[in-house]
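None of these values were measured; they are calculated from a predicted model. Below, each value reflects all heavy atoms present in this structure, side chains not excepted, and no hydrogens, waters or symmetry copies.
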Amino acid sequence: MTPKRKQKLFMFLGLVSLAAIAVGLTLYALRANINLFFSPIQIAAGDAPFERQIRAGGMVREGSVYRNPDSLDVEFTVTDYVEDVRVHYSGILPDLFREGQGVVVVGQLQHDGYIKADQVLARHDENYMPPEVAEALEAAGYSPADFQQKAAKIAERIEEGEAQEGASQY
């Protein structure tokens, strides 16, 4: 092998090595920032990683919201009407958040089986279901339309209850 060929070979190997290192570092950085979506069925099955940023979604179970009167801590249950997952959140909830409506929470699944949420995203209207939730329900063999009807019925009951409370105050 001539010295010129040897020099070209080392140059080529050096460039390939630098490219491999750059790709490896990029993939590592993306892996740390990616947050995959999991439904309560998948979380209950053990598919979700612990203590890594994930997104979980479903409907807020009726009667499951507990607000700590001394702080901004809130606990509620997200369900796909097959499995449930508890969510602990500290902060101000979106205005559209309420029982029987679709939500997506961003946070970490703890070893105790609950999600410590950093962010709670609420639905837009009664007919809205986050696309990830709808896909997860379909993959599990359930129809999102059935859950939207159920959520609409729950919303009607809640609104009726609020109306009755408002009428009884006067």
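Environment of CG in L13: crowded, with over 12 heavy atoms of neighbouring residues, nucleotides or ligands closer than 6.0 Å. Within 6.0 Å of the CG atom in D95, the count of heavy atoms belonging to other residues, nucleotides or ligands does not exceed 12.
Between A22 and T26, the closest heavy-atom pair is O-OG1, 2.8 Å. Between Y114 and H88, the shortest heavy-atom contact is CD1-CD2, 3.1 Å.
By the 30° and 60° cut-offs, the orientation of the rings of H111 relative to F50 is parallel.
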Start with the C-alpha distance between Q108 and Q53, add both sets of side-chain angles, then the distance that settles side-chain contact (heavy atoms from CB on, under 4.5 Å), and finish with yes or no.
-> CA-CA 5 Å; Q108 296 180 350; Q53 191 86 350; 4.1 Å; yes

Do F97 and F76 pass the ring pair (Phe, Tyr, Trp, His ring centres under 6.0 Å) test, and can you show the C-alpha distance, the side-chain angles, and the key distance before you say yes or no?
-> CA-CA 11 Å; F97 177 88; F76 57 94; 4.9 Å; yes

Does the side-chain contact (heavy atoms from CB on, under 4.5 Å) test come out yes or no for I92 and L72, once each step is laid out?
-> CA-CA 7 Å; I92 298 173; L72 293 175; 4.2 Å; yes

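The structure places CD of Q101 at 10.0 Å from CD of E99, a figure rounded to the nearest 0.5 Å. Rounding to the nearest 0.5 Å gives a distance of 10.5 Å between CD1 of I54 and CG of D47. The line from CG of D73 to OG of S90 is 4.0 Å long, rounded to the nearest 0.5 Å. In this structure, CD in Q119 is found 10.0 Å from CZ in R55, a value given to the nearest 0.5 Å. Separating the OG atom in S17 from the CZ atom in F10 is a distance of 11.5 Å, to the nearest 0.5 Å.
Between Y81 and P40 the shortest side-chain heavy-atom distance does not fall below 4.5 Å. R86 places none of its side-chain heavy atoms less than 4.5 Å from the side chain of V78. With contacts defined as side-chain heavy-atom distances shorter than 4.5 Å, the pair L109/I43 qualifies. Side-chain contact between R67 and L93: present, with at least one pair of heavy atoms (C-beta onward) separated by less than 4.5 Å.
A donor-acceptor pair shorter than 3.5 Å can be found between the side chains of D84 and T79.
One hydrophobic cluster, built from ILVMFWY side chains closer than 4.5 Å, holds both L36 and V87. V65 and V105 end up in the same hydrophobic cluster when Ile, Leu, Val, Met, Phe, Trp and Tyr side chains are linked at under 4.5 Å.
In this structure, the side chain of D80 engages the main chain of V82 through a donor-acceptor pair within 3.5 Å.
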